[in-house]
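Beneath this line is the structure, given in structure tokens, with notes to follow.
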Amino acid sequence: MPTRPFTLGRSRPLSGDPGAAGARPFELPAHHLVTHGVVVGMTGSGKTGLVMVLVEEALRSGVPVLMVDVKGDLPNLLFTFPELSAAEFEPWIDPSAAARDGRSTADVAEGLAARWRDGLASSGLGSGDVAALRARMAPRLLTPGTTAGEPVHVLSALETPSPLWDEDEEAAREALSASLSLLLRLVGRDPDPARSREHVLLAHLAERRLRARRAAGLEELLADLAAPPIAAVGALGVDEFFAPKERQALARELNTLLASPTFATWRKGAPLDVASWLAPQVGSGSGGAKTPAVIVSVAHLDDDERLLVLGLLFDQLLSWVRGLSGTSDLRALVVFDEVFGFLPPHPANPPTKRPLLALLKQARAFGVGVVLATQNPMDLDYKALSNAGAWFVGRLQTDADRERVVEGLSGADGGAGGVEAAALSATLKALPPRTFFVRDVHMQPPSFLAETRFSLSWLRGPVTRREIGRLVRSISPPPPAPDPTRASLDSRSAHPDPRADSLDSRSVHPDPRADSLDSRSVHPDPRADSLDSRSVHPDPRADSLDPRRASPDPRRASPDPASPAQRAPVGPGGTVVLDPRHTPAAPQPARRSGAARVDAGAPAPAPPPPAAPAPPPAPEGWRSLYAHAPAAAPEGFRYIPWVAASVIAHLRDTKLGVALNRSQLLAAPLLPDGKPDLSRVSRLDASLLATSPAAGARFAELPAPLAKRATAQAAARALREHAYRTTEAAVAVHKELGLAQDDGEPLEAFAARCRAAAARLAAAEQQQVVGRFAPKIARLGERIAAAKARYGQAEAEVAALPGAVGAALLGLVAGRDTARRAGTQRDKAAAKLERARQEWTEADAALRDLHAAQAAELAALEQLPLRAGEGIETKRLVPKKNDVEVAFVALAWAATLAGPA
């Protein structure tokens, strides 16, 4: 039975009416994802929200889903509250965040529940749909390397003999190699399978055991290291390849790891078996089969451990896929959000790249779809982009990102669905949040715009390790024999300290109109080229606090412009600091007791607003900048202080002749000690800031230490240091040609410039080849001419002498001696003729060979322009410390709603 279409929201033609009149339901046939999908979009574009909606629709359709979570957002799928009541939201509200907002957790939960009910209703959904999703799915939250969730036995490829050694030897060896690399990294040894002697020796020892259907756990490998059961490794004896003392040292390190309590978490839990994870589960009662929703969270691991663990996972996934029967229906969906660093362009080759590319090329034949999501399309290898049949492109920040997407769309199908490249680039630049340019090669027309629906899950942002434990306990029965030593810890997990593991501020006041806020909104990724300030404080639907720039939600009726209660303050231009903890839809009236409600008659007149104080003076030498006020400022509008610095980073590579300048206005909230909170650094647009405050606004106090000159200077230095550590740029280079991509130059234009340079180089080298061969050709020509002349002369001499009959007659007339002399002369002339002929032949053959060699070199040079693109690679530039300068420092006042003073 075909899977029902995925209802993702509403769609409209590229040139259609952005309002409701031009929209229609957006239903994506499930089998379209068999040819994979790519979701790209900058922070705040709604990218993660679209991914979550895709997951929800797959589960509602009975399609198992395997999700890879690297930042903590995907466990939000478990925040499905069937009743959509405040009581369901409240346990997950951070008390300290609510207290800072002057509200109780009950008030915050009530507001969230109401917003979620309204948001789902606007998408034609309700609590019944949430309950149906929760009843349908069988969730698992797997956490390799920790017991916060359900642990995973990541070394099961070592300790459990696998049938893959008979079915797919290459896949089995890859899984073993990844397990050994992880093991060696844990003891601080070289994990490289090709260069590490430790890895090679352990691989030989482990493979010998696994092929014999015996476990190759650490205990067994330690015994084999002490007394190797093999005589040689390669062409060397085992002692010569790895000396006994070195083996003893390795064995001691592995034994220390084996004895370590922390290592035990890598060796217990669910086996790394994708087939069992994605098998349908029988539900209890009348529920029927449940659909697996498997989340593999590696957010708690460091970068190297993530690469190794996910390399193991994808190898196992690929092995499972290859063992399936072919189908054109969607059998399973693999979702990887924030794929940056795991599938990078050439020449980078992390452990995850090979199996991911293989999945993209092969999984479609077996009904397994892969959806990759990333902020920057330049994070992905071009081969991965070209294998995707469905593209969901949200708003992109830079011209280079947009051009990469346009190039990828054109390369995937020969054109962007009838859209000119310039028009497509302009469309991508103007996309509002939660709206995506969709390119589906299976649809007609293949290109359109789509606005995602409201998610059934509460998208509260990244979850902490402690909260993962609470989530797992909420979906799984308690273990049969809990460790008594952890009882106190578990009790603390159930009632966390409000001062620890505080929730993301979005958990208190998320915008219900947006399905996603990227985790880098609060913790910016230092590898990213830039962070839009909406990454810190977005309203994901509206681009501006300025009413002239606001983007109304077409799903809702337009509010009365005269009603200030209908205007929620939103981020100016999407690039101004705006604390989401202080952005309720409208100020809530104070609660009154029952008696007060009975006795109340006409409403009491509102007290006059207090006089607005003057802004606190900025530190010496600092400017003052202000967020724009709402069009009609509600009661309680005020400013809180941030520090901002205009920073210019110079990125250079003298060898390649590259010199780029990156200017940015960075801002961060001020801590009580006067230092900037670098975990919440934002990038602002100075043109959208005001130089004077809003009339009637109030101001929070400046941190007292900021009055000291040293503290103010330290704050500016901290932002400069942050820019030094986080600023980088990706530049395409061609080292052989000595060329580098100019700032703002499209990749295709750079490739054309490389081809032109290669053509010029080839032409110059062709001239050199011709000049190098010319003397040799001339000498051979002279040699041929001389041989030809000698041949003619010898031929004439032979013709002038009598032949055999003439010599006989001459002997009768002139005597035998005369005849003998004539015969000798004739023989000499004939030999001379033969030598001349041979010289002519050899010279002519040498000339032909020389022409052939010249033609071959010229033909090879003609191929240089055609192969110029193969030499293009990506060079990442970072500034030196002295190449980062601060143009000015400012006190940036953020607009908030804090309630009455």
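Position 1 is the first residue of the sequence, and the numbers go up from there. Owing to the predicted nature of the structure, the values given are computational and were not obtained by experimental measurement.
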**Report entry** Atom pair CG/CG of Leu625 and Leu689 - distance to nearest 0.5 Å
**Finding:** 5.5 Å
Query raised in the report: In Å and rounded to the nearest 0.5 Å, what is the NE2 to OG1 distance from His300 to Thr146?
Result: 5.0 Å
Query raised in the report: Going through the distances and angles, do Ile640 and Phe699 end up as a side-chain contact (heavy atoms from CB on, under 4.5 Å)?
Result: CA-CA 6 Å; Ile640 59 173; Phe699 292 84; over 6 Å; no
Report task. Output yes when a side-chain donor or acceptor of Tyr639 lies under 3.5 Å from a complementary backbone atom of Ala627, and no otherwise. Result -> yes
Query raised in the report: Which atom names give the shortest non-hydrogen contact between Leu678 and Ala718, and what distance separates them?
Result: CD2-O, 4.1 Å
Query - Derivation and outcome, salt bridge (Lys or Arg N to Asp or Glu O under 4.0 Å), residues Arg453 and Glu56 - result: CA-CA 11 Å; Arg453 68 162 174 80; Glu56 292 174 350; 3.1 Å; yes
Query - Side-chain heavy atoms of Leu891 within contact of Val643, under 4.5 Å - result: no
Query raised in the report: How far does CG of Leu50 sit from CG of Leu8, to the nearest 0.5 angstrom?
Result: 6.5 Å
Query raised in the report: Should Arg460 and Glu467 count as an ion pair when the cut-off is N to O under 4.0 Å?
Result: yes
Query raised in the report: Within the distance-only criterion (no hydrogens, no angle test), does the side chain of Thr726 pair as donor or acceptor with the backbone N or O of His722 below 3.5 angstrom?
Result: yes
Report task. Could you please spell out the steps behind the side chain to side chain donor-acceptor pair (under 3.5 Å) verdict for Thr105 and Glu90? Result -> CA-CA 6 Å; Thr105 57; Glu90 186 173 2; 2.9 Å; yes
Query raised in the report: Does the side chain of Pro617 reach to within under 4.5 Å of the side chain of Trp622, using non-hydrogen atoms?
Result: no
Requested in this report: Tell me, with the steps shown, if Thr48 and Lys71 meet side-chain contact (heavy atoms from CB on, under 4.5 Å).
Outcome: CA-CA 11 Å; Thr48 304; Lys71 68 176 184 178; 3.6 Å; yes
Query - Thr711 side chain vs Pro705 backbone, donor-acceptor pair below 3.5 Å - result: yes
Report summary line: In short, Val108 meets Ala98 closest at the heavy-atom pair CG2-CB, 4.0 Å
Query raised in the report: Which value, rounded to the nearest 0.5 Å, describes the distance between Ile468 atom CD1 and Leu78 atom CG?
Result: 9.5 Å
Query - Rounded distance [0.5 Å steps], CG in Leu77 versus OG in Ser457 - result: 4.5 Å
Query raised in the report: Is Leu120 close to Leu456 at the side-chain level, that is, under 4.5 Å between some pair of heavy atoms?
Result: yes
Query raised in the report: Ala148 and Arg465: which non-hydrogen atoms are nearest, and at how many Å?
Result: CB-CG, 3.1 Å
Query raised in the report: Which heavy atom of Leu719 sits nearest a heavy atom of Leu666, and at what distance?
Result: CD1-O, 3.8 Å
**Report entry** N/O donor-acceptor pair under 3.5 Å between Glu721 side chain and Arg717 backbone
**Finding:** no
Query raised in the report: Relative to each other, are the rings of Phe81 and Trp458 parallel, tilted or perpendicular (30° and 60° limits)?
Result: tilted
Query raised in the report: What heavy-atom pair brings Thr80 and Pro82 nearest, and what distance separates the two atoms?
Result: O-CD, 3.4 Å
Requested in this report: With the side chain counted from C-beta on, respond yes when Ile93 and Leu112 share a heavy-atom pair under 4.5 Å apart, and no when they do not.
Outcome: yes
**Report entry** Side-chain donor/acceptor of Asp677 to backbone N/O of Val681, under 3.5 Å
**Finding:** no
**Report entry** Donor-acceptor contact present, side-chain Asp129 to main-chain Gly126, <3.5 Å
**Finding:** yes
Query raised in the report: Can you tell me how far the CH2 atom of Trp116 sits from the CZ atom of Phe79, to the nearest 0.5 Å?
Result: 11.0 Å
Report task. Please assess Glu88 against Glu83 for the test side-chain contact (heavy atoms from CB on, under 4.5 Å), listing each intermediate value before the final yes or no. Result -> CA-CA 8 Å; Glu88 293 170 309; Glu83 302 297 330; 3.4 Å; yes
Query raised in the report: Given the rule in the side chain to side chain donor-acceptor pair (under 3.5 Å) test, do Arg395 and Ser45 qualify, once you have shown the distances and angles that lead to the verdict?
Result: CA-CA 6 Å; Arg395 186 173 182 181; Ser45 63; over 6 Å; no
Query - Closest contact, heavy atoms only, Trp642 versus Ala668 - result: CE3-C, 3.2 Å
Query raised in the report: Does Asn76 use its side chain to pair, donor to acceptor, with the backbone of Pro462 at less than 3.5 Å?
Result: no
Requested in this report: Kindly say whether Ala299 contributes a backbone atom to a donor-acceptor pair with the side chain of Arg306 at under 3.5 angstrom?
Outcome: yes
Query - The single option from Val296, Asp337, Ile295 passing side chain to side chain contact (heavy atoms under 4.5 Å, CB included) against Met67 - result: Ile295
Query raised in the report: Does a donor on one side chain and an acceptor on the other come within less than 3.5 Å for Gln375 and Thr43?
Result: yes
